[in-house]
Amino acid sequence: MKNCLITGGGSKFGSILTERLVQAGYHVYLITGTQQVADPNITVISVNWHELKLQDIRSIISNLPNLDLIFFNHNSSALNQTKFNQNQLQSLKDWQQSYFVASQFPFYLIHSLKNKISETTKIGWMLSALISNPMSTQVGFADYIGNKFTNGCIMKSFAQSFPAIFFGIVPESLGHNSDVSKSIEIIKLINHTTDMNGKIYYPTGAIFKFG
């Protein structure tokens, strides 16, 4: 059985992706702040995203095996359009915590896991098409878009320097009837695509142009 570490896979689309990873033959180590899962092939690592700190990584990785797949599916955003209204102000502490969770946590987690990662380990980020086309209706979520852009650059930088296979997924593509079908396509893409390093894909396998 292969081993997968996934973040943000305890609710919404992430929970569907986690279930499908198990069906695809993975034992999933799930970093989540939402729920416990009653499945022998899922090991839950509970975190409080609002209080997560750099030093928590040591306990998170303490019992992890060698990993075949790491996938960062979690999101974090402190801003929205209302925060730009007159007399509104975003807490700096919350904004900084959001950035740590979204972009810095994966960066330091990968470095901390270097002894459990091989040249064949696949390491991916769920990104967003907004990184190349920030729509006017979405720009209020400025830190979300910025974090996704940062993560795309982090992925490509690791691909140049770190002995593993790094990739990104942009989920906003047409032709999906359900989140289940999208999750199946993503796992098929991960399991069967060669020469992935440094590339960003739609779930269908088409290349997303970035940079």
Side-chain angles (χ1 to χ4, degrees), residues 6-18 30-36 44-57 60 70-110 123-158 166-180 182-183 186 200-203 206-211:
I6 183 172
T7 64
S11 64
K12 300 180 181 178
F13 175 76
S15 64
I16 297 172
L17 185 61
T18 296
L30 171 60
I31 300 177
T32 179
T34 57
Q35 63 185 41
Q36 300 295 314
V44 174
I45 304 170
S46 297
V47 297
N48 182 336
W49 296 113
H50 299 291
E51 298 180 1
L52 186 69
K53 299 292 185 290
L54 187 61
Q55 56 265 33
D56 295 329
I57 291 178
I60 288 171
I70 301 171
F71 194 70
F72 299 113
N73 183 66
H74 68 286
N75 297 310
S76 186
S77 178
L79 299 176
N80 58 60
Q81 195 62 49
T82 65
K83 301 297 175 62
F84 296 89
N85 294 339
Q86 190 175 18
N87 300 322
Q88 292 289 327
L89 191 64
Q90 171 60 48
S91 161
L92 180 59
K93 180 181 178 181
D94 290 345
W95 192 352
Q96 290 173 333
Q97 180 67 13
S98 177
Y99 179 62
F100 170 74
V101 168
S103 297
Q104 294 176 321
F105 171 65
F107 175 87
Y108 287 105
L109 185 63
I110 289 169
I123 304 175
W125 281 257
M126 189 70 85
L127 301 174
S128 171
L130 293 171
I131 62 179
S132 66
N133 183 26
M135 297 181 293
S136 60
T137 56
Q138 300 293 325
V139 292
F141 299 95
D143 62 331
Y144 171 85
I145 298 171
N147 294 341
K148 293 294 187 180
F149 184 92
T150 297
N151 288 345
C153 293
I154 286 173
M155 181 278 292
K156 284 185 172 289
S157 297
F158 269 126
F166 295 87
F167 66 96
I169 300 289
V170 167
E172 300 100 327
S173 59
L174 301 176
H176 295 283
N177 295 321
S178 68
D179 284 344
V180 171
K182 185 180 293 187
S183 66
I186 289 174
I200 300 175
Y201 296 87
Y202 291 105
I207 296 292
F208 176 82
K209 294 182 180 180
F210 174 70

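Computed from a predicted model, the values in this text were never measured in an experiment.
- Taking every heavy atom of both residues into account, Met126 and Lys148 meet most closely at O-NZ, 2.7 Å.
- Between Leu130 atom CG and Glu172 atom CD the span is 6.0 Å, to the nearest 0.5 Å.
- In this structure, Lys93 NZ and Ser98 OG are separated by 14.0 Å, a value rounded to the nearest 0.5 Å.
- In this structure, NZ in Lys12 is found 11.0 Å from CG in Asp179, a value given to the nearest 0.5 Å.
- A donor-acceptor pair under 3.5 Å links the side-chain atoms of Lys53 to the main chain of Glu51, judged by distance alone.
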**Item:** Tyr144 vs Leu79, side chain to side chain contact (heavy atoms under 4.5 Å, CB included): CA-CA, chis, key distance, verdict
**Value:** CA-CA 8 Å; Tyr144 171 85; Leu79 299 176; over 6 Å; no
**Prompt:** Going through the distances and angles, do Phe105 and Asp56 end up as a side chain to side chain contact (heavy atoms under 4.5 Å, CB included)?
**Reply:** CA-CA 10 Å; Phe105 171 65; Asp56 295 329; over 6 Å; no
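- Not one N or O on the side chain of Gln90 forms a donor-acceptor pair closer than 3.5 Å with the backbone of Asn80.
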**From CA spacing to verdict: side chain to side chain contact (heavy atoms under 4.5 Å, CB included), Phe208, Leu127** = CA-CA 10 Å; Phe208 176 82; Leu127 301 174; over 6 Å; no
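- Partner Phe107 forms a ring-ring contact (aromatic ring centres under 6.0 Å, His included) with one of Phe72, Tyr99, Phe158 and no other, that one being Phe158.
- Atom CD1 of Ile169 sits about 9.5 Å away from atom CG of Leu17, to the nearest 0.5 Å.
- The two residues Ala129 and Val170 have their closest heavy-atom pair at N-CG1, 3.5 Å.
- Put simply, the side chain of Ile60 does not reach to within 4.5 Å of the side chain of Thr7, judged on heavy atoms.
- Here OG of Ser128 is found 11.5 Å from CG of Asn147. Values are rounded to the nearest 0.5 Å.
- Taking the six-membered ring where the residue is Trp, Phe149 and Phe210 present perpendicular rings, their angle passing 60° and hence far from 30°.
- Around atom CZ of Phe84, more than 12 heavy atoms belonging to other residues, nucleotides or ligands sit under 6.0 Å away.
- Between the CD1 atom in Ile200 and the CH2 atom in Trp125 there is a gap of 10.5 Å [rounded to 0.5 Å].
- Paired with Ser103 under the rule side chain to side chain donor-acceptor pair (under 3.5 Å), one option of Thr150, Asp143, Asn151 passes, and it is Asn151.
- In this structure a side-chain-to-backbone donor-acceptor pair under 3.5 Å is missing from Thr32 to Ser46.
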**Request:** For Ile207 and Tyr201, run side chain to side chain contact (heavy atoms under 4.5 Å, CB included): C-alpha distance rounded to whole Å, both residues' side-chain angles, the deciding distance at 0.1 Å, then the answer.
**Result:** CA-CA 5 Å; Ile207 296 292; Tyr201 296 87; 3.3 Å; yes
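- Contact between Pro134 and Ile145 at its shortest, heavy atoms only, is CB-CD1, 4.1 Å.
- Remark: side-chain polar atoms of Gln88 are not paired, donor with acceptor, to backbone N or O of Gln81 under 3.5 angstrom.
- Formation of a donor-acceptor pair under 3.5 Å by the Lys83 side chain with backbone atoms of Phe141 is not found in this model.
- The closest donor-acceptor contact from the side chain of His74 to the backbone of Val101 lies under 3.5 Å.
- The closest donor-acceptor contact from the side chain of Lys182 to the backbone of Pro171 lies under 3.5 Å.
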